[in-house]
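The residues of the chain are indexed from 1 along the displayed sequence.
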Amino acid sequence: MPRSPYVLVHPAWFGGWCWHKVASALRTAGRSVHTPTLTGLGERAHLASPVAGLATHVEDVIGALVFEDLSDVVLVGSSSSGAVITGVAGRVPERIRRVVYLDAFVPSDGESVLDLIAEERRAAMEELVESEGDGWLLPRFAAAPWDRFVPDAWHVTDDADLRWILPRLRPTPFGHFTEPLRLGRASADGPRRVYVRCRGWAHPGFDRHAAHAAESAEWDAYELEASHLPYVTAPAETTALLVELAR
C-alpha cells in the first residue's frame, strides 16, 4: 500500500527551504515530501504584490496537490500557515488524510490570522506595515530587528541555524495575516485534525488551540519539547512525530 505523502507548509517570512532538515530525514526514510513555497516568499519573493494574501497562499498549496496528483496527504502547517492548511482542507478534503497544526493558528470560517493575535501585537504589526512596508508588506515581526528577535523569541540558539535562517527571511504580504479564511465545503466528516504544541515557546493563543484539541473528540493532541521552530531546532523529534501521525 502506498505511503501517505507529506505536504509541509511554511509560515510567514520563511519559505519551503525551512523544512530542509525534516524533509531530508523523511525522504531518507522512504517518504514522499513536498515543501511548496508561498507566493511572495523564499525563492518566490519576486512575486510579492499587494494582491497576494491568504487566498493566494491557499491556491499555491492546492496547486501543488493537484499538479503533483497527491492524495491521502498528511498536510502540515506551522504558525501562521495554520490558516493556509485550514483553507486547503476546506477546499479539497478528498485529497487530505490528516491536517497537522504544528504550533499553528487555527482560525474559524471568516477569521483571519490577525484576529487571533493579541491586540497590542496587531497594532505594532499594522504600524510596521505602514512605516516600513509601503502599506502592504510586513517586513519583520513586530518586536525587534531579526538579528535580535529570532534568538530571543523563537529560541534558535545555534549559530549555524541562525546563519542559515536570517539571510533567507523575506517580508510577507500582509494579506497573509489580514484576509479572512473561507472554508469552502469543509464538513464534520473532513480529514482528521491534529494539534502539536511546542512547549519550548510560551504563547497563550497556541495554548488555547492545544487545550481545545485535547478536549475535543474531533482532534488528536500531541506535545513536543521544542521551540516554535521544531523543524529547525528539533528535527529528529519532529520527524519521528510526523512518521507516527502518518501510520
Indicate whether the side chain of Arg44 and that of Thr39 have a donor and an acceptor atom separated by less than 3.5 Å. yes
Atom CG of Leu102 and atom CG of Leu229: how far apart are they, to the nearest 0.5 Å? 9.5 Å
For the pair Arg168 (side chain) and Gly42 (backbone), establish whether a donor and an acceptor sit closer than 3.5 Å, ignoring hydrogens and angles. no
Is the shortest side-chain N to carboxylate O distance from Arg199 to Glu223 below 4.0 Å? yes
Are Glu59 and Arg91 ion-paired here, with the side-chain N under 4.0 Å from a carboxylate O? yes
Please report the closest heavy-atom contact between Pro36 and Val7, naming both atoms and the distance. CD-CG1, 4.0 Å
Taking all non-hydrogen atoms of both residues into account, name the closest pair between Pro180 and Gly110 and its distance. CB-O, 3.4 Å
Just by modelled atom types, is the Tyr222 backbone N or O under 3.5 Å from a matching donor or acceptor in the Arg197 side chain? no
Taking the side chain as everything from C-beta on, heavy atoms only, tell me whether His228 gets closer than 4.5 Å to Ser79. yes
What distance separates Ser81 OG from Leu41 CG, expressed to the nearest 0.5 Å? 11.0 Å
Same cluster or not: are Val51 and Val129 linked, directly or through other Ile, Leu, Val, Met, Phe, Trp or Tyr residues, by side-chain heavy atoms under 4.5 angstrom apart? no
Looking only at non-hydrogen atoms, find the nearest pair between Val232 and Cys18 and report the distance. CG2-O, 4.2 Å
Check Ala104 against Gly77 and note the closest heavy-atom contact, atom names and distance. CB-O, 3.6 Å
State, without any angle test, whether Thr37 and His10 hold a side-chain donor-acceptor pair at a distance under 3.5 Å. no
Determine, stepwise, if the pair Asp220 / Arg193 fulfils salt bridge (Lys or Arg N to Asp or Glu O under 4.0 Å). CA-CA 6 Å; Asp220 297 317; Arg193 294 198 285 179; over 6 Å; no
What distance separates Leu245 CG from Ser4 OG, expressed to the nearest 0.5 Å? 11.0 Å
For Val196 and Asp103, run side-chain contact (heavy atoms from CB on, under 4.5 Å): C-alpha distance rounded to whole Å, both residues' side-chain angles, the deciding distance at 0.1 Å, then the answer. CA-CA 6 Å; Val196 180; Asp103 232 26; over 6 Å; no
Salt bridge (Lys or Arg N to Asp or Glu O under 4.0 Å) between Arg163 and Asp158, intermediate numbers included: CA-CA 9 Å; Arg163 289 194 300 271; Asp158 183 85; over 6 Å; no
Between His34 and Ser32, is there a side-chain heavy-atom distance shorter than 4.5 Å? yes
Please tell me whether Val66 and Val9 are part of a single hydrophobic cluster in this structure, the criterion being side-chain heavy atoms less than 4.5 Å apart. yes
Any side-chain heavy-atom pair from Leu114 and Arg122 closer than 4.5 angstrom? yes
Does the ring center of Phe105 lie less than 6.0 Å from the ring center of Phe206? yes
Quick one: does Ser227's side chain have a donor or acceptor within less than 3.5 Å of a partner on Gly200's backbone? no
Between the CG atom in Leu166 and the CH2 atom in Trp13, the distance rounded to the nearest 0.5 Å is 13.5 Å
Straight-line distance of Leu183 CG to Ser108 OG, nearest 0.5 Å: 7.5 Å
Taking Pro167's backbone N and O only, do any of them form a donor-acceptor pair with Arg170's side chain (distance below 3.5 Å, no angle check)? yes
Considering only heavy atoms from C-beta outward, does the side chain of Val106 approach that of Tyr195 to under 4.5 Å? yes
Checking Leu26 against Val243 for the side-chain contact (heavy atoms from CB on, under 4.5 Å) test, could you report, in this order, the C-alpha distance in whole Å, the side-chain angles of both residues, the deciding distance, and whether it holds? CA-CA 8 Å; Leu26 288 170; Val243 169; 3.7 Å; yes
Less than 4.5 Å apart, side chain to side chain, heavy atoms only: is that true for Ser78 and Trp19? yes
Evaluate the side-chain proximity of Glu111 to Leu116: yes if any heavy-atom separation is below 4.5 Å, no if none is. yes
If hydrophobic clusters are built from ILVMFWY residues whose side chains come within less than 4.5 Å, do Leu128 and Trp136 share one? no
With heavy-atom distances below 4.5 Å as the criterion, would you say the side chains of Asp69 and Arg95 are in contact? yes
Taking the six-membered ring for Trp, are Tyr101 and Trp219 closer than 6.0 Å centroid to centroid? yes
Value rounded to 0.5 Å, distance of CD in Glu126 from CZ in Arg121: 13.0 Å
All heavy atoms of Phe177 vs all of Ile117, minimum pair found to be CD2-CD1, 4.3 Å
Going through the checks in order, is the side-chain contact (heavy atoms from CB on, under 4.5 Å) test met by Leu75 and Arg98? CA-CA 6 Å; Leu75 180 64; Arg98 275 200 181 86; over 6 Å; no
Check the side chains of Tyr231 and Thr239 for a donor-acceptor pair under 3.5 angstrom, ignoring hydrogens and angles. no
What pair of heavy atoms forms the shortest contact from Met125 to Leu138, and how long is it? CE-CD2, 3.4 Å
Run the side-chain contact (heavy atoms from CB on, under 4.5 Å) test on Phe174 and Leu137 for me, step by step, so that the C-alpha distance in whole Å, both residues' side-chain angles and the decisive distance to 0.1 Å come before the verdict. CA-CA 5 Å; Phe174 202 39; Leu137 271 177; over 6 Å; no
Looking just at side-chain N and O atoms, do Thr178 and Ser112 make a donor-acceptor pair shorter than 3.5 Å? no
Using a cut-off of 6.0 Å, state whether more than 12 heavy atoms not belonging to Glu132 lie near its atom CD. yes
How are the rings of His57 and His176 set to each other: parallel, tilted or perpendicular (split at 30° and 60°)? tilted
Are the side chain of Ser216 and the backbone N or O of His212 linked by a donor-acceptor pair below 3.5 Å? no
